Amino acid sequence: MTVEGTHGNSSRSGDAARPLDVGMLLFEGHTTLDFVGPHLAFSSAGMRVHLVSDSLAPVASDIGLAVLPTVTLEDCPADLDILFVPGGHVHEVLLDQDKIDFLVDRGRTASYITSVCTGSLVLAAAGLLDGYRAATHWATRAQLARFGVEVSYERVCVDRNRATGGGVTAGIDFALTLIARVLGEDAAKLSQLAMEYTPQPPFDAGSPESAGAEVVARFAQFADAAFGGSIEEGLGRAVSEAVERRAALTS
């Protein structure tokens, strides 16, 4: 369920009547839930969401869901209120110069620069987290730290105009937090009610601390299959190259 309408307290002065523009970067292998939760929350709050990719061709998620972009990198609005990157299999997008350049360009003018899950690694590869704290999926915190980012263990981390969520399901919490920040608590509460967001997980296993060693070990096996090797080996190689590229640009 969505709630129609626009909001007068836009983060861009002089254009108070228009809805806020959100640009969500899509890439092959993204985790759909990373952006679908925030998309619904933002839309429920009256924001205008743009799904951005190289072309308008369907973009496959990490489980094979096909998502239709609404705008290309080139045609995405130049002045976004919120720039957002989901996570997923980020190995390739970390090294995709066109998408990195897009983030750098839109990041210069975006009011808020944001991510969920491993999307923060992509922001870091673009240099958009330099000097900021940020969250990521618990299993990739060490990889985020390799970019020189101060890693937060919070479910939602807000550092000035950077807002980042932890793994996957943190997306809704992230979105509601950001809505409250830019549109006020009443708007966030209305969005939460529209989604009937009142989580009651059947198990306390959403973190390595609560899940226990046996479940964490099984997750490692799952991750090995998903990433084509351990996170340190598969994702780590892409991070190493992205870090080297960043170092070359700043040297």
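None of the values given here were measured: they were computed from a predicted structure.
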Undergrad: Quick one: pull up CG in Asp159 and CD in Glu150 and give me the separation to the nearest 0.5 Å.
TA: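 If I round to the nearest 0.5 Å, the distance is 7.5 Å.
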Undergrad: Measure from the side-chain N and O atoms of Ser115 to the backbone N and O of Thr164, and report whether any donor-acceptor pair falls under 3.5 Å.
TA: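 Absent.
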Undergrad: Within this structure, what is the CD-OG1 distance for the pair Gln143 and Thr136, rounded to the nearest 0.5 Å?
TA: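 If we round to the nearest 0.5 Å, Gln143:CD and Thr136:OG1 are 9.5 Å apart.
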Undergrad: At their closest point, which heavy atom of Val85 faces which heavy atom of Val122, and how far apart are they?
TA: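 Taking Val85 first and Val122 second, the nearest heavy atoms are CG1-CB, 3.9 Å.
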Undergrad: With sequence neighbours left out, what residues match Glu74 under side chain to side chain donor-acceptor pair (under 3.5 Å)?
TA: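 In terms of side chain to side chain donor-acceptor pair (under 3.5 Å), with neighbours along the sequence ignored, Glu74 is linked to no residue.
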Undergrad: If you compare all heavy atoms of Gly88 against all heavy atoms of Thr31, which two are closest, and at what distance to 0.1 Å?
TA: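 Gly88 and Thr31 have their closest heavy atoms at CA-OG1, 3.2 Å.
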Undergrad: Verify, without hydrogens or angle tests, whether Thr114 (side chain) and Ile82 (backbone) share a donor-acceptor contact under 3.5 angstrom.
TA: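 Not a single qualifying donor-acceptor pair exists.
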Undergrad: Any side-chain donor-acceptor pair under 3.5 Å between Arg146 and Ser240?
TA: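 On atom types as modelled, these side chains qualify, holding a pair under 3.5 Å.
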Undergrad: Residues two or more places apart in sequence or in another chain: which of them pass side chain to side chain donor-acceptor pair (under 3.5 Å) with Tyr153?
TA: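 Once residues adjacent in sequence are excluded, Tyr153 has no partner under the side chain to side chain donor-acceptor pair (under 3.5 Å) criterion.
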Undergrad: Let me see the working for Phe35 and Leu51 under side chain to side chain contact (heavy atoms under 4.5 Å, CB included), right down to the final yes or no.
TA: CA-CA 10 Å; Phe35 83 85; Leu51 300 180; 3.9 Å; yes
Undergrad: I'd like to know if Met24 and Val168 are part of one continuous hydrophobic network [Ile/Leu/Val/Met/Phe/Trp/Tyr, side-chain heavy atoms within less than 4.5 Å].
TA: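 In one cluster: no.
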Undergrad: State whether the side chain of Asp34 and the backbone N or O of Gly87 hold a donor-acceptor pair below 3.5 Å, judged by distance alone.
TA: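 Yes; at least one donor-acceptor contact below 3.5 Å.
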Undergrad: List the atom of Ala134, the atom of Val149, and the distance in Å for their closest heavy-atom pair.
TA: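 Between these two residues, the closest heavy atoms are CB-CG1, 3.9 Å.
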Undergrad: Using every non-hydrogen atom in the two residues, find where Ile100 and Ala125 come nearest and quote the distance to one decimal.
TA: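 Nearest heavy atoms, Ile100 then Ala125: CD1-CB, 4.0 Å.
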Undergrad: Quick check against the 3.5 Å criterion: does Ser61 have a side-chain atom that pairs as donor or acceptor with the backbone of Leu65?
TA: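 Judged by distance alone, yes, a pair lies under 3.5 Å.
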Undergrad: Hey, can you tell me if His30 and Phe27 have their rings parallel, tilted or perpendicular (30° and 60° cut-offs)?
TA: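 Ring orientation of His30 relative to Phe27: perpendicular.
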Undergrad: Look at the side chain of Ser191 and the backbone N and O of Ala187, then say whether any donor-acceptor pair between them is shorter than 3.5 Å.
TA: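 Side chain of Ser191 to backbone of Ala187: no pair is present.
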Undergrad: If I take atom CD from residue Glu28 and atom CG from residue Asp96, how far apart are they, to the nearest 0.5 angstrom?
TA: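 Result: 10.5 Å between the selected atoms.
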Undergrad: When you measure from the side chain of His50 to the backbone of Val52, do you find a donor-acceptor pair of N or O atoms at a distance under 3.5 Å?
TA: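 Checking the backbone N and O of Val52 against the side chain of His50, no donor-acceptor pair under 3.5 Å is found.
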Undergrad: Distance check, rounded to the nearest 0.5 Å: Leu25 atom CG versus Leu83 atom CG?
TA: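 Going from CG on Leu25 over to CG on Leu83, the span is 7.5 Å.
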Undergrad: Please name all residues satisfying side-chain contact (heavy atoms from CB on, under 4.5 Å) with Val216, sequence neighbours left out, ordered by chain then number.
TA: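 Testing Val216 for side-chain contact (heavy atoms from CB on, under 4.5 Å), a comparison that skips the adjacent residues, returns Trp138, Pro208.
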Undergrad: Is the backbone N or O of Thr72 less than 3.5 Å from a side-chain atom of Ser53, with the two atoms forming a donor-acceptor pair by type?
TA: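 No.
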Undergrad: Could you tell me whether a side-chain N or O of Arg106 sits under 3.5 Å from a main-chain N or O of Ile113, the two making a donor and an acceptor?
TA: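 Checked: no pair found.
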Undergrad: So, using side-chain contact (heavy atoms from CB on, under 4.5 Å) as the criterion, who are the partners of Asp186 when residues are at least two apart?
TA: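 So Asp186 forms no side-chain contact (heavy atoms from CB on, under 4.5 Å) with any residue.
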Undergrad: Might you confirm whether atom CD of Glu214 has over 12 heavy atoms from other residues, nucleotides or ligands at distances under 6.0 Å?
TA: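 No.
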Undergrad: List for me each residue that meets salt bridge (charged side-chain N to carboxylate O under 4.0 Å, His left out) alongside Glu185, sequence neighbours excluded, and say none if there are none.
TA: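 Once residues adjacent in sequence are excluded, the partners of Glu185 under the salt bridge (charged side-chain N to carboxylate O under 4.0 Å, His left out) criterion are Lys189.
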Undergrad: Under the salt bridge (charged side-chain N to carboxylate O under 4.0 Å, His left out) test, which residues partner Asp101, sequence neighbours left out?
TA: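 Not a single residue meets the salt bridge (charged side-chain N to carboxylate O under 4.0 Å, His left out) criterion with Asp101.
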Undergrad: Check salt bridge (charged side-chain N to carboxylate O under 4.0 Å, His left out) between Asp54 and all other residues, then give those that pass, not counting sequence neighbours.
TA: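 Per chain and number, Asp54 pairs via salt bridge (charged side-chain N to carboxylate O under 4.0 Å, His left out) with Lys99.
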Undergrad: Could you grab the distance from atom CG of Leu20 to atom CG of Leu183, nearest 0.5 Å is fine?
TA: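 Answer rounded to 0.5 Å: 5.0 Å.
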Undergrad: Find out if a path of hydrophobic residues (ILVMFWY) with successive side-chain heavy-atom gaps under 4.5 Å connects Leu33 to Val90.
TA: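 No, separate clusters.
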Undergrad: According to side chain to side chain donor-acceptor pair (under 3.5 Å), who are the partners of Arg48, at least two apart in sequence or on a separate chain?
TA: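 Side chain to side chain donor-acceptor pair (under 3.5 Å) list for Arg48, sorted by chain: Asp21.
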Undergrad: With Glu241, which residues qualify under salt bridge (charged side-chain N to carboxylate O under 4.0 Å, His left out), at least two apart?
TA: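 Per chain and number, Glu241 pairs via salt bridge (charged side-chain N to carboxylate O under 4.0 Å, His left out) with Arg245.
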Undergrad: Could you work out, with side-chain contact (heavy atoms from CB on, under 4.5 Å) as the rule, every residue matching Val243, not counting sequence neighbours?
TA: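 Counting only residues at least two positions away or on another chain, Val243 forms a side-chain contact (heavy atoms from CB on, under 4.5 Å) with Phe147, Val239.
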Undergrad: Take Arg181 and Thr177 through the test side chain to side chain contact (heavy atoms under 4.5 Å, CB included) and record every step on the way to the result.
TA: CA-CA 6 Å; Arg181 191 174 180 90; Thr177 299; 5.8 Å; no
Undergrad: Any sub-3.5 Å donor-acceptor pair from Thr118's side-chain atoms to Leu121's backbone N or O?
TA: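 The answer is no, because no donor-acceptor pair under 3.5 Å joins these two groups.
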Undergrad: According to the interplanar angle, ranging from 0 to 90°, do the rings of His91 and His89 count as parallel (below 30°), tilted (30 to 60°) or perpendicular (above 60°)?
TA: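 His91 and His89: perpendicular rings.
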Undergrad: Under the criterion side chain to side chain contact (heavy atoms under 4.5 Å, CB included), I'd like the reasoning laid out for Phe42 against Leu178: C-alpha separation, chi angles, the key distance, then a yes or no.
TA: CA-CA 9 Å; Phe42 291 151; Leu178 191 56; 4.0 Å; yes
Undergrad: If I compare all heavy atoms of Val116 with all of Gly171, which pair ends up nearest, and what's the gap?
TA: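 What the structure gives for the nearest pair is CG2-CA, 3.7 Å.
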Undergrad: Checking side chain to side chain contact (heavy atoms under 4.5 Å, CB included) for the pair Val182/Asp81: CA distance, chi angles, key distance, verdict?
TA: CA-CA 10 Å; Val182 300; Asp81 297 286; over 6 Å; no
Undergrad: Taking Asn161 for the side chain and Ser111 for the main chain, is one N or O donor matched with an acceptor at less than 3.5 Å?
TA: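 Judged by distance alone, yes, a pair lies under 3.5 Å.
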Undergrad: Can you list every salt bridge (Lys or Arg N to Asp or Glu O under 4.0 Å) pair that touches residues 131-141, not counting sequence neighbours?
TA: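 Sorted result for residues 131-141: Arg133-Glu154.
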Undergrad: Which pair of heavy atoms, one from Ala41 and one from Ile179, lies closest together, and at what distance?
TA: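 Residues Ala41 and Ile179, closest heavy atoms: O-CD1, 3.4 Å.
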Undergrad: What residues, two or more places apart in sequence or in another chain, satisfy side-chain contact (heavy atoms from CB on, under 4.5 Å) together with Ile172?
TA: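 side-chain contact (heavy atoms from CB on, under 4.5 Å) list for Ile172, sorted by chain: Leu176, Met195, Tyr197.
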Undergrad: Once rounded to the nearest 0.5 Å, what's the spacing between atom CG of Leu235 and atom CG of Leu94?
TA: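 CG of Leu94 is found 6.5 Å from CG of Leu235.
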